[in-house]
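Data first, discussion second: the structure below is written as structure tokens.
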Amino acid sequence: MTSSATDQQPAPAARESSLIPVGVLGARGRMGTEVVKAVNDAEDLELVAMVDDGEWLFNVADAGAQVVVDFTRPDVVMDNIRFCIDNNIHCVVGTTGFDEARLATVAEWLEPKPELGVVIAPNFGIGAILLMRFAQEAARFFPSVEVVELHHPNKVDAPSGTAVRTARLVAAARRAAGLPPAPDATTDALPGARGADVEGVPVHAVRLTGLVAHQEVLLGAAGESLTIRHDSFDRASFMPGVLLAVREIGRRPGLTVGIEGFLGL
Ligand SMILES: NC(=O)c1ccc[n+]([C@@H]2O[C@H](COP(=O)([O-])OP(=O)(O)OC[C@H]3O[C@@H](n4cnc5c(N)ncnc54)[C@H](O)[C@@H]3O)[C@@H](O)[C@H]2O)c1
Ligand SMILES: O=C(O)C1=N[C@H](C(=O)O)CCC1
């Protein structure tokens, strides 16, 4: 078992301060690397542990982390959250793969720990969060809507967590407005040609070398269309949202899905 201790990890004595001690899970991944940098650059935060695959998860508890940031994989994230809750550590989760059943499980785990917070957000990019809100607002005015997400080819899940959440929010807005299913005469299609069906909203996933994270919501009505697009050109775009969640989570007990509330949206 490898230790997660690094040169960036300060001596325990230095932690008698008002800095928030933060541990990062998935610390050597694309997002984890960026989070480590962002935490190290933040004057009010202190990086106390970095853990990646095969490393000793208990390091985050031993190092005194008050908040853990998880950017790992959908297949391991539930075990990580369980560990954090068991060890009384607030958890900021960017890893995707959360359906209603998983969210309910996390909420159940939190019940005996009313002081503890877990935030699970498929996207910490402010622009992406605004895109979701704008799409939700627009949805009731358009009979047709489809979501196209475009990502780097190393992404393991499809469609993206952001696209699934967008589609669910749009579908809820359509239901609330009493809209019928979007018109679609397709009776003959190659499997996958019309995308994944997320609560009646088609979601299409593109994987392309050179991309980072991008999404379009296409809305159509007679004689017009509205396209709402967001582009993350760099993973730095997610960091203001991640740091906001790290700073807020100690004041937000329970399960929070998305950081819209932290932004006053
Ligand atoms: N919420 C957001 O804003 C946002 C933004 C980008 C990516 N993501 C999501 O974050 C996740 C990670 O994305 P990425 O591009 O950084 O992936 P990545 O593959 O580059 O990084 C994942 C890291 O987790 C590590 N890992 C695997 N199992 C582990 C375990 N049990 N404990 C600790 N570390 C473990 C891997 O070794 C790897 O270093 C994905 O689910 C992705 O969709 C979310
Ligand atoms: O790069 C990824 O992987 C991303 N995953 C998130 C998702 O699935 O929505 C957010 C965007 C980047």
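Predicted model, so just to flag it, every value in this text is computed and none were measured. When a residue number appears, it is its place in the shown sequence, counting from 1. All ligand and atom numbering here is 1-based and tracks the order in the structure.
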Inspect the contact between Glu100 and Arg165 and indicate whether a charged nitrogen and a carboxylate oxygen are less than 4.0 angstrom apart.
no

Judged on heavy-atom distance to atom 27 (C) of ligand 1, which of Asp53, Asn154, Val35 sits nearest?
Asp53

Within reach of ligand 1, part of Val76 (heavy-atom separation under 4.0 Å)
side chain

Hey, is His152 touching ligand 2 through its side chain, its backbone, both or neither, going by heavy atoms under 4.0 Å?
side chain

Can you check whether Lys155 has an N/O within less than 3.5 Å of an N/O in ligand 1?
yes

For ligand 2, which is the ligand I care about here, please tell me if Thr162 has any N or O atom under 3.5 Å from one of the ligand's N or O atoms.
yes

Any Glu55 heavy atom less than 4.0 Å from ligand 1
no

Below 3.5 Å, N or O to N or O, backbone or side chain included: is there any such pair between Met31 and ligand 1?
yes

Atom pair CD (Glu108) and OG1 (Thr105), whose distance is rounded to the nearest 0.5 Å:
6.0 Å

Under 3.5 Å: N/O of Ala213 near N/O of ligand 2:
no

Checking contacts here: is it the side chain or the backbone of Ala121 that comes within 4.0 Å of ligand 1, counting heavy atoms only? Could be both or neither.
backbone

For ligand 2 and Lys155, I'd like to know whether there is a polar contact (N/O to N/O, distance under 3.5 Å).
yes

Measuring from the heavy atoms of Gly161, does anything fall under 4.0 Å of ligand 1?
no

May I ask you to check whether Asp52 has an N/O atom sitting below 3.5 Å from an N/O atom of ligand 1?
yes

